[in-house]
Structures are given as C-alpha cells and as structure tokens.
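Residue numbers start from 1 in every chain, and the chains themselves are labelled A, B, ... in the order their sequence lines are given, proteins ahead of strands. Note that the coordinates shown come from a computational prediction; the quantities given were computed from them, not determined experimentally. Only heavy atoms go into these numbers, but all of them, side chains included; no hydrogens, no water, no symmetry mates.
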Amino acid sequence: MTLTVYNTLTRSKSEFQTIEANKVRMYCCGITVYDYCHLGHARTCLIWDVVRRYLQWSGYEVNYIQNFTDIDDKILNRAREEGTSMEAVAEKYIAAYFEDMERLGVGQADAYPRATHTLDGIKRLVYELEQKGFAYPAEGDVYYAVQKFPEYGKLSGRKLEDMQAGASGRVGLEDAEAHKKHYPFDFALWKAAKQGEPAWESPWGNGRPGWHIECSAMVRERLGDTIDLHVGGGDLTFPHHENEIAQSEAVTGKPLANYWLHNGMIIVEGKKMSKSLGNFITIRELLDRFEPMAVRLFILQTQYRKPLDFTEEALTTATNSWETLKEGLLFGDRYGEQLGFATSSTPQNEELISRFKAAVDDDFNFAGGLAILFEVAKNLNKAGNILVHEGTAKTDTQELEQQWQTLVELAKILGFEAQPEDRESNSQGLSDREIEDLVQQRIDARKNKDYAAGDRIRDELQAQGITLIDKPGGMTIWNRG
RNA sequence: GGCGACAUAGCCAAGUGGUAAGGCCGUGGAUUGCAAAUCCAUUAUCCCCCAGUUCGAAUCUGGGUGUCGCCUCCA
C-alpha cells in the first residue's frame, strides 16, 4: 500500500512522494495569537499532528514547523483593549495555546517560528520581490502585483478576471489602502508604521510586515525552497496560501510545496464556527465539559476534509464511544496479569495492522482506521466480560494479547491513550474483606426475601464504584469499577 | 456573479464499478426478585432526484435540487 493524499493544487488524490527519501518537510499555518483558541483551531492542530504521527509511524522522519502570527491588527486591538503591548498579548495567548494543546494531547511541532523573529527573512523576500518586479512601494507600504505572477490563482482555482473585489463584504473598496494599490487584488507585503504602533526599520521606512509574507519567509528559512507538505485550514486556501505561493515562487522559481492539504471547517448550526460570528466554543470551555479523548474522537471520526458539525449530542456520543475504546485499551492492565501476558514482548497482529494501514493510507482516513480499533476493542471487551463472569477467557490468551498490543499501538498513532484507573479509590475505600462481608450480608438478606436490604447494600457498594453481578444459583461476584 | 466541496439508516460516518464498515441510540430474547452488567439476535432491498454508460453503479458521465466554504479578518 502506498499513501495517497488529496492535493488542493491538483484537486485530486495522488501518491505521496517526498523530495528526500523517507523525509518529510511539513509546514502548518498556525494561529494569530490574539485570543484563546476555539474548537476550529483544535481541529486543525489535532488533525495535522495526527498526520505527522502517522507519517512517523509509516517510517518517515518528519520536520514539522508551525508558526505563530504575532504581528497583526487584531493583536494590536486587543493590546489597546487590555492596556498592554502587542508583545504581552502574544505571549499570553501563546502560553494559553500550549496549555490547551497539551490538554488535548496535541504534540509539539519541531519549531514555532514567530513573525517578530523572522523580520530579516521577511525583509529579504520583500526586497527580492521588488528587485524582480513583483512588488512596488506606495507611500511607505509595499504591495505585491498579482498580475505579474501568471500562475496567480492556481491553488484556489480562480482567475483574476473572475474575481469580484469585495464580494465577501469584509473590505471596503474605498478603504485607506485601496488608492495605493495598482490593482484591487494586490496585497500588502509591508505596511508603513502608524503612530504608536510597533515598527521595524526597513528600506521602505519604518513599518511592519503584511500577513502572508511571514509564512513564505519561515518556510524558506526553516525548510527550504520547496517542501513536501503545506497544510492548514481550508479557509486559508485563498488568499493566504495563494499569496504565499505567489511570493515564494516568484522569488525562487520553484514550487513552494508539492502537496497542499486543507482541513474542513467546524460548523455550528449550519455556519462556520468563527470569531466574527461569535458561534465558537473555546477549547478550555469545551474541556471543562468533555474529556480530551472524547474531543479527539469527535474530530477524528470525520474525514479531515469534510465539514464537521459541532453539537452537544455529537460530543456526548463521542464520550460514550470513547468509553468503549478506553475499555479495550485498558484490557491488558486489567486482565493481563490474570491471563499471563508477557509484558516484555510486543507481538502484533499483522492482519489488523495492514487493514488499518490500508484505510489510513487513503488520504488519512482516520475514521476508517478507527472502525478497526473499535472492532478490536469490542472483541477484547467481550473477552474481558466473559472472563469476569465466567472466570476464564474463552479466547486463546496469546491471541488476546496480540490484539491488545496491536490496539494500543494503533490507538497511540491517533493519540488515544487511556490512563489505568488509579488505585486510590481502593485504598480509601473498603477492603476486600469488608466487601465480601457486605456481599454475604446481601446474599443472606435476599435469601430471606428482604430485597430492600439487599438493594441498599448493592447501592452502597455501587456508590463506591463496586459493581455486583448476580449469577445464576444465588452466587454474587463483584468487581471494582 | 465567480470558484470549489459535499449529499449514505433515528443521529454521526466509512465505502468510489461487483452487490451497503464502524460508532451512538433503539428493539426482541436469555439471565434476574427487580435492576445493572453481560450474552444472543436485530435495525438502509438500498445510498438526494432524473437520465445515460455498463453484464453489473452508492461508486463513472450528463442534467437538476439542496447544504456548506472561499472570493483580501479567517484554523
């Protein structure tokens, strides 16, 4: 099986081939750090982190870079609101970002370049673009002349003549910048300093970089002229990624990235989750109410390119589903000793692995891969229940161990890990002896048809996490949790 | 107005030419004093609609309809 990916550039799936054998240079457009991240950001960060894990598991060495945009009007506005500096706002939300992602179990990128740390590279690019005739200065600003780049629009599949300036309604055609542009779709590479705003020296006067240029500079600086994978949210396809291509390729004459992958948006009641619509839920609010693993399952159960509806019900479903998976993942911790699992060896079930790989190799179909995990988890859970109820496993022990090891391994690729239950509740709770006594009391009570007393004991034990299982013949067995 | 994506059971969702994965919910039976848990069974004659290609299509082609995204804030 070979990995196939859907490339936005070609609007089709193709085999994934790297520039250097077994190495992947990967760049993800990160966030502008002016506020707490919401579920939409979580989807992007989580999906591409899992993609990176999968590539690593598949044998690639991945160099994964994700940026922080820390120069931006929105950050400045926030700084004014909070009576602080752009830098302080950026630091605050970068710290929050790392906190949120850690809670979600999203791994760290290999580097997190920031716009403010990339000024030299940015200025060099702007300079080169100007030298090559792709950029022009205007009253302290510098603009990119999109008409000079014949391939402009190739990523987003649009032609300049088809585009309608201002159609999104977000930009006034009469705004301050408009008169400086030679053409409505030209975009700012450099913006002249405004009174009281942070600024950097440059050949065009004091100012700050435009938004798109930082990614071009960072990719070039960190990964080279051409990278393998450039990823990000689908809403960045145009203009952000289109502009990155225009900037980078005009200078280098080489493709910026061989594969452009975009994830779908989170939808709330039919509309994209976004700051401007106010229909967002922050990651921290979400995690106050749902387990991180449930959120992960919610996200990974839908193909990454599809829109994903956020509803309470969907998260609740994901929570229930996670319980099933978790049970399976804990199988070895619960029953391994009893079944005599060898802790050292890690035998794998090749059949399951190849099915998983076949599913996920098709454009990162994690949902298809998850189906296999559930299949195994359910099977293990069944075996565990038989073990609890009957006292013996009916399935071959080695087979179970292999399935379990495989489940744990595959789940780990997707970032699913279950914490074995802490034994604390046990130490604070009742001793085995005390439980046995209570169980016996209940058996006696039931023999005397005193069901009220029996049920009371059952309820008390249940409240402490001890479940009683009545078996035919008046026997009662129990287990913790 | 332009460009693009998607449309599969009650809900979510995989499958992209060979006769419908998986999850959640539900139902029937076993078991039980009743529960819980568990076990067994069960839940789309059919994949938005209409035409076409084919021995055969959810899967390809054409035409509709609907939903969503983007058209310089955007994950």
Quiz item: According to a strict under-4.0 Å criterion, is A:K306 in side-chain N/O contact with OP1 or OP2 of B:rG69?
Solution: no
Below the 4.0 Å mark, does B:rA75 have OP1 or OP2 next to a side-chain nitrogen or oxygen of A:K272?
no
### Query
With rounding to whole Å, what would you report as the distance between B:rG33 and B:rU45 at their C1' atoms?
45 Å
Taking atom C1' in both B:rA5 and B:rA9, compute the distance separating them and give it to the nearest angstrom.
-> 24 Å
Length of the line joining [X]:[atom1] and [N]:[atom2], which is rounded to integer Å:
X      : N      : atom1 : atom2 : answer
A:L39  : B:rC74 : CG    : P     : 20 Å
A:L308 : B:rU67 : CG    : P     : 20 Å
A:N381 : B:rC39 : CG    : P     : 9 Å
A:L414 : B:rG23 : CG    : C1'   : 15 Å

Regarding the side chain of A:D235, the nearest nucleotide among B:rC34, B:rA36, B:rC70 is B:rC70
For A:R11, report the nucleic acid contact type (base, sugar-phosphate, nothing); a contact means any heavy atom under 4.0 Å.
-> sugar-phosphate
Using Watson-Crick geometry (N1-N3 plus N6-O4 or O6-N4) or G-U wobble (N1-O2, O6-N3), each under 3.5 Å, B:rA5 is paired with B:rU67
Checklist line | A:E214 bridged to A:R114 by N-O distance under 4.0 Å | finding: no
